[in-house]
Amino acid sequence: MDWTRGRTIGHGSTAPVSVAKSILSGEVFAVKSVDLSQSQFLQKEQKILSQLNSPYIVSYKGYDVTKEKDKLTFNLMMEYMPGGTLTDEIRKQGGRINEPLIGYYAKQILLGLEYLHSRGIAHCDIKGHNILVGKTGAKIADFGCARWIDQAEWDGGAVASTAEPIGGTPMFMAPEVVRGEKQGCPADIWALGCTIIEMATGGSPWTNVTNAASLLYRIAFSGQSPEIPKLLSLEAKDFLRKCLRRDPKERWTAKELLKHPFLEEESNSNSTDNQDLVTTSPTSILDQDIWNSVEETETIETVSSVDDSPLQRVRKLLDLNWGEPNWRWEDERWVTVRRSR
């Protein structure tokens with residue numbers, strides 16, 4: 001190994017993430033690692049990330065296979081973002097983010113999504129935990145649930161192939177995803193709307209939830225959408241309504257949303273002012289003391305059978321043994337559900 005591994009700083013949808021440092025150059029980067037024999041999803045993530053080059057997507061640094069503790073390990077190297085996640089930023093801002101900063105981050109996430117969607121890729125797990133924050137703003141990360149759009153079913157970015165496994169975070173899933181239908185670019189837009197609610201309220205996009213069954217049924221079949229925060233401006237509320245339309249064909253695309261007045265107002269404001277709103281984060285590995293950071297935990301679950309009815313799909317989501325749910329927005333038991341054939 002020509003690099004050294006530090007402590008675990010988080011968990012992606014496919015594997016734990018550690019901070020690392022090059023022995024030769026001293027460059028600090030993030031590395032996601034998993035046993036080579038179980039690296040199918042991480043290798044797929046590597047293939048997707050290696051094709052991307054955008055200021056709004058976390059940068060790809062390479063991959064290798066190492067032998068650690070007599071085991072072969074597949075390692076995916078990525079840009080290290082010292083500011084942490086958007087969820088961390090919400091906490092730093094006192095539990096919620098003000099509207100100008102919401103617009104600032106929303107536009108950057110949308111620019112990342114427009115880039116992905118134009119290249120036939122759906123992220124499939126947009127949420128605060130998967131948006132990294134740095135001096136230049138927000139970048140989309142964690143492509144463990146990402147998928148290539150089936151070109152044969154392409155319809156203006158509207159659909160994705162059902163041959164791919166369905167995955168993501170239930171609390172941020174679009175209705176058609178919970179029902180086990182197609183998961184594509186419109187599901188990313190729904191998840192963006194949920195993430196904006198997370199920024200605005202510091203809470204879950206779905207409120208007054210008493211148990212897992214009622215939540216999943218509510219998302220899939222109730223006809224409801226997450227409640228739009230009353231504290232937002234009329235432009236922001238209208239923007240959210242465009243994201244949270246239950247019919248995926250009626251949701252606005254990333255390209256359309258970038259022209260929405262809510263983001264145009266953000267563009268006309270002083271970008272330096274927006275950057276000043278961001279809490280200053282440590283830029284040095286010593287400042288952050290991440291070599292001694294506390295490890296975080298994240299659970300990966302699996303839902304099988306691609307031929308389930310919508311109701312069976314919801315029931316299988318309920319059979320993941322989460323135990324008594326904690327419906328706080330930071331609850332890590334609601335992180336990743338992967339549906340395999």
Side-chain angles (χ1 to χ4, degrees), residues 55-57 81 83-115 123 126-141 169 171-172 174 186-208 224-246 250-281 327-330:
Y56 307 105
I57 306 291
M81 298 283 284
T85 69
L86 182 57
T87 298
D88 297 328
E89 184 63 29
I90 294 169
R91 291 168 179 162
K92 292 175 188 176
Q93 296 286 339
R96 63 181 61 181
I97 292 178
N98 62 51
E99 188 168 314
L101 193 52
I102 290 174
Y104 176 68
Y105 287 138
K107 183 171 185 179
Q108 292 174 325
I109 297 168
L110 264 178
L111 286 166
L113 288 177
E114 182 190 33
Y115 173 84
H123 185 275
I126 293 294
K127 59 180 179 179
H129 279 290
N130 289 340
I131 306 298
L132 299 182
V133 177
K135 284 188 173 181
T136 59
K139 296 189 179 187
I140 299 174
T169 303
M171 191 71 76
F172 291 75
D188 285 345
I189 299 302
W190 175 281
L192 170 65
C194 292
T195 303
I196 289 175
I197 294 175
E198 179 186 355
M199 285 192 277
T201 66
S204 164
W206 292 95
T207 57
N208 301 318
Q224 301 174 11
S225 297
E227 183 178 353
I228 295 176
K230 295 181 174 60
L231 54 86
L232 293 177
S233 67
L234 293 176
E235 291 80 8
K237 290 177 180 177
D238 185 70
F239 182 91
L240 274 176
R241 291 188 188 100
K242 302 296 191 294
C243 294
L244 297 173
R245 291 177 174 174
R246 289 187 61 88
E250 295 182 359
R251 270 175 235 147
W252 279 28
T253 65
K255 187 174 183 178
E256 290 171 330
L257 286 168
L258 283 168
K259 299 177 182 179
H260 192 279
F262 173 55
L263 297 188
E264 288 181 358
E265 283 192 4
E266 189 279 327
S267 298
N268 293 332
S269 65
N270 191 319
S271 61
T272 303
D273 291 342
N274 281 332
Q275 292 176 5
D276 289 341
L277 291 171
V278 181
T279 302
T280 302
S281 301
W327 296 110
R328 295 176 303 169
W329 58 279
E330 69 269 23

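Quick caveat, the model's predicted, so the values are computed rather than measured.
Scanning for salt bridge (charged side-chain N to carboxylate O under 4.0 Å, His left out) contacts around E256 gives an empty result, with sequence neighbours left out. The side chain to side chain contact (heavy atoms under 4.5 Å, CB included) search around I228 returns K237, L240, R241, not counting sequence neighbours. With sequence neighbours left out, the side chain to side chain contact (heavy atoms under 4.5 Å, CB included) criterion links Y115 to L52, N53, S54, I57, R119. For T201, the side chain to side chain donor-acceptor pair (under 3.5 Å) criterion is met by no residue, not counting sequence neighbours. Every side chain to side chain contact (heavy atoms under 4.5 Å, CB included) that A187 has, sequence neighbours left out, goes to A174, E176, V177, Q183. For A141, the side chain to side chain contact (heavy atoms under 4.5 Å, CB included) partners are V58, L132, not counting sequence neighbours. Partners of K230 under the side chain to side chain donor-acceptor pair (under 3.5 Å) rule, at least two apart in sequence or in another chain, are E227.
In this structure, M199 and I90 have side chains that are in contact, with non-hydrogen atoms separated by less than 4.5 Å. Within the 4.5 Å cutoff, no side-chain heavy atoms of I131 are placed close to those of Y105. Annotation: side chain of R96 is in contact with side chain of L231 (closest heavy-atom distance under 4.5 Å). Residues V133 and D88 fail the side-chain proximity criterion, which asks for heavy atoms closer than 4.5 Å. At least one side-chain heavy atom of L86 sits less than 4.5 Å from a side-chain heavy atom of I97.
Distance NZ/K255 to CG/L258: 10.0 Å, rounded to 0.5 Å.
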Begin with the C-alpha distance, continue with both residues' side-chain angles, and end with the deciding distance and a verdict on side-chain contact (heavy atoms from CB on, under 4.5 Å) for S225 and R246. CA-CA 7 Å; S225 297; R246 289 187 61 88; 3.5 Å; yes
